[in-house]
Amino acid sequence: MNKLNVDEIKKDFPILDQRMNGHRLVYLDNGATTQKPIQVIEAIFYYNTRSHGNPHRGAHQLSIRATDEYDLAKERVRQFINAKSLEEIIFTRNTTESINLIASAYGREFVKENDEIVLAISEHHSNILPWQRIVKEKKAILKYMYLNEDGRIDTEEIKEKITKKTKIVSIAHMSNVLGTIHPIEEVINYAHKMGAIVLVDGAQSTPHIKVDVQELDADFYVFSGHKMLAPMGIGVLYGKKEILESIPPFLMGGDMIEYVYEKEATFAPLPYKFEAGTQNVEGAVGLKAAIDYLENIGMDKIEEHERFLVEYALDKMLSIPYVNVQGPKDLNKRGGIISFTIDDVHPHDVSTILDSYGIAIRAGHHCAQPLMRYLKLPATSRVSFYLYNTKEDIDQFIEGLRNVRKWLGYGS
Ligand code: C6P
């Protein structure tokens, strides 16, 4: 088997080579954001020292170089998710902005009174609040697909909630809390049969598994660069060309116009119509370098490595009697995120105690309060893995975990 050489990979990430609170740093908060390899840091440095200018706006060499870098990055993203054309790739700030763009622009244009919008109960607030607003504005109806005992959405729930009244289904490919990989192929097929369009929130999936938007037949697919080794402030909205063409612009301003008159304007073709204002070129350059890095290693190998880490961590965690793991136990139905609680200890304390052992994890409601309420949990602790994590990282985490209750004065 062609395994990842994680020791070599780790050398590319300068931030990981440090001690934290007197311990070897173990970074297990990749669901929140990921670290950058030197290749990404250098690509941004070279761009800033050789090619920086305002793209699409100047005839001078630096503007031309910036335009070329921006367009090259977009082409790289197109290949990465196998979109049909460049017109279907829009750069945004992040997943949140991509979803807001669709909810506002598509929602305002096409959602009518009594139309239904269907989400999963496990959605991140970024995939709830924009829909709540449009539903209020349009007097439409918001419905949720609930999870079964295993933390998944099953076929009955899909068929019960998605109906001929459904206009839009918006669902995460992978839950940021439970790690559940939702059956989005089934959701997309069924929603299309019912005449609805589907937005897939790929914030937690795109960094970890191979995504092919044409094979999935998703109408919109969105993700953030900073969760896949790229800088913060660059995100992607993929949309089918014919749908993007049918919706009005979201933000109005420079670079998204064709002609502007005193009282009206015509707009630029796709994708520029949705990219008002000066673009984040260095973010795009960083995203391209991140994709180069990931594909050079191989998304299949990254997925396999994370599966190994999850299996190893789950096995150890499930053997500790006071640790309660949330979400699917079946490895085929989950990605590299594990949420858990420890008997008698608040998740924030778990996180603070682990930090004192050099281990970075996240605790809280993970911007998914409706899910927490549904699970009847105030909060969870969460570990989330990436390609640079090792078996040793998990061993250090488990050792820290075993100390949490002792720290607070419990016998074990
Ligand atoms: N989840 C987490 O720790 P932005 O902030 O726009 O890059 O991503 C928002 C977002 C949307 N959908 C899902 C499924 C997400 O996980 C996130 C970000 C982080 O879980 C920060 S709250």
More than 12 heavy atoms from other groups under 6.0 Å of CD1 on Ile15
no
Would the distance check show the side chain of Ser224 and the main-chain N or O of Thr95 forming a donor-acceptor pair, the cut-off being under 3.5 Å?
yes
Are any non-hydrogen side-chain atoms of Phe220 and Val198 less than 4.5 angstrom apart?
no
Main chain of Arg24, side chain of Gln396: is a donor-acceptor contact present, judged purely on distance under 3.5 Å?
yes
Evaluate the criterion salt bridge (Lys or Arg N to Asp or Glu O under 4.0 Å) for residue pair Lys288 and Glu69; output intermediate values, then yes/no.
CA-CA 9 Å; Lys288 174 181 177 294; Glu69 297 271 9; over 6 Å; no
Across all chains, not counting sequence neighbours, the ring-ring contact (aromatic ring centres under 6.0 Å, His included) partners of Tyr272 are His56
Would you call Glu245 and Lys273 a salt bridge, using N to O less than 4.0 angstrom?
no
Answer yes or no: is there a donor N or O on one side and an acceptor on the other, between the side chain of Arg334 and the main chain of Ile337, under 3.5 Å?
yes
Distance-only, no hydrogens or angles: does the Ser246 side chain make a donor-acceptor pair with backbone N or O of Ile243 under 3.5 Å?
yes
Tyr106 meets the ring-ring contact (aromatic ring centres under 6.0 Å, His included) criterion, sequence neighbours left out, with Phe110
What do the steps show when you test Tyr221 against Asp201 for side chain to side chain donor-acceptor pair (under 3.5 Å), and what is the final call?
CA-CA 6 Å; Tyr221 200 100; Asp201 171 352; over 6 Å; no
Full working for side chain to side chain donor-acceptor pair (under 3.5 Å) between Arg307 and Asn332:
CA-CA 9 Å; Arg307 183 181 280 251; Asn332 291 319; 3.0 Å; yes
Stepwise ring-ring contact (aromatic ring centres under 6.0 Å, His included) check, Tyr146 with Tyr374:
CA-CA 9 Å; Tyr146 294 98; Tyr374 179 70; 5.3 Å; yes
Does the pair Arg402/Glu399 count as a salt bridge with the N-to-O cut at 4.0 Å?
no
Between Val236 and Ile90, is any pair of side-chain heavy atoms under 4.5 Å apart?
no
Audit row: Phe340, Leu401, side chain to side chain contact (heavy atoms under 4.5 Å, CB included) steps and yes/no
CA-CA 11 Å; Phe340 63 97; Leu401 211 55; 3.6 Å; yes
Taking the cut-offs as 6.0 angstrom to the six-membered ring centre and 45 degrees off its axis, would you call Lys210 and Phe80 a cation-pi pair?
yes
Close side-chain approach of Trp131 to Leu119, heavy-atom, < 4.5 Å
yes
For the backbone of His182 and the side chain of Thr180, can you confirm whether one donor and one acceptor N or O come within less than 3.5 Å of each other?
no
Between Glu311 (side chain only) and Phe308 (backbone N and O only), is there a donor and an acceptor less than 3.5 Å apart?
no
Keeping Asp255 on the side-chain end and Glu275 on the backbone end, is there a donor-acceptor pair under 3.5 Å?
no
If we ignore hydrogens and angles and just use 3.5 Å, is the side chain of Arg19 paired with the main-chain N or O of Leu25 as donor and acceptor?
no
Stepwise salt bridge (Lys or Arg N to Asp or Glu O under 4.0 Å) test for Lys167 and Glu116
CA-CA 6 Å; Lys167 200 62 164 254; Glu116 295 182 354; over 6 Å; no
Which is it for Ile338 and Met317 under the side chain to side chain contact (heavy atoms under 4.5 Å, CB included) test, yes or no, and what are the steps along the way?
CA-CA 10 Å; Ile338 306 175; Met317 292 169 81; 3.9 Å; yes
With rounding to the nearest 0.5 Å, note down the distance linking CD1 in Ile297 to CG in Asp292.
11.5 Å
Tell me the ring-ring contact (aromatic ring centres under 6.0 Å, His included) pairs involving residues 187-213, sequence neighbours left out?
His208-Tyr386
Considering all heavy atoms, the nearest Trp407-Ser356 contact
CZ2-OG, 3.6 Å
Between Val285 and Ala73, the two heavy atoms sitting closest are N-CB, 4.4 Å
Should we say atom CD of Glu109 is surrounded by more than 12 heavy atoms from elsewhere, each under 6.0 Å from it?
yes
Would you check, one step at a time, whether the test side chain to side chain contact (heavy atoms under 4.5 Å, CB included) holds for Phe267 with Glu258?
CA-CA 5 Å; Phe267 304 118; Glu258 187 186 30; 5.8 Å; no
Compare every heavy atom of Ile398 with every heavy atom of Ala313, then report the nearest pair and how far apart it is.
O-CD1, 4.4 Å
Between Thr155 and Glu186, does any side-chain donor sit less than 3.5 Å from a side-chain acceptor?
yes
In terms of heavy-atom contacts, Lys240 and Asp217 come closest through NZ-OD1, 2.9 Å
Decide whether a cation-pi geometry holds between Arg405 and Tyr322; the criteria are a distance under 6.0 Å from NZ or CZ to the six-membered ring centre and an angle within 45° of the ring axis.
yes
Does Ile342 reach the side chain of Asn324, with side-chain heavy atoms less than 4.5 Å apart?
no
Can you confirm whether Glu282 sits close enough to Pro231 that some side-chain heavy atom of one is under 4.5 Å from a side-chain heavy atom of the other?
no
Evaluation steps, salt bridge (Lys or Arg N to Asp or Glu O under 4.0 Å), between Asp29 and Arg382:
CA-CA 8 Å; Asp29 195 17; Arg382 182 189 75 180; 3.4 Å; yes
Heavy-atom nearest pair, Ser126 first then Ile99, reads O-CG2, 3.5 Å
Do Ile257 and Thr266 have side-chain heavy atoms sitting under 4.5 Å apart?
no
Should Glu88 and Lys241 count as an ion pair when the cut-off is N to O under 4.0 Å?
no
Hey, does Lys301 have a side-chain heavy atom less than 4.5 Å from the side chain of Leu4?
yes
Does Lys161 use its side chain to pair, donor to acceptor, with the backbone of Ala120 at less than 3.5 Å?
no
Flag side-chain contact, heavy atom, 4.5 Å: Asp395 against Thr390:
no
Under 3.5 Å, is there a donor on one side chain and an acceptor on the other for Ser384 and Asn30?
no
I need the minimum non-hydrogen distance between Ala66 and Gly53, along with the two atoms involved.
CB-O, 3.3 Å
Side-chain donor or acceptor of Thr166 paired with backbone N/O of Ala196 under 3.5 Å
no
Do the rings of His125 and His365 sit parallel, tilted or perpendicular, given the 30° and 60° boundaries?
tilted
Less than 4.0 Å between a side-chain N and a carboxylate O, is that true for Asp150 and Lys333?
no
I would like to know whether Asn389 and Tyr27 meet side chain to side chain donor-acceptor pair (under 3.5 Å); could you show each step before the answer?
CA-CA 8 Å; Asn389 289 123; Tyr27 186 75; over 6 Å; no
Salt bridge or not between Lys10 and Asp393? Use side-chain N to carboxylate O under 4.0 Å.
yes
Using the rule given for side chain to side chain contact (heavy atoms under 4.5 Å, CB included), can you reason through Val200 versus Leu216, listing the C-alpha separation, both sets of side-chain angles and the distance that settles it, and then say yes or no?
CA-CA 10 Å; Val200 180; Leu216 284 173; 5.7 Å; no
Trace of the side chain to side chain donor-acceptor pair (under 3.5 Å) decision for Ser122 with Ser175
CA-CA 6 Å; Ser122 46; Ser175 159; 5.0 Å; no
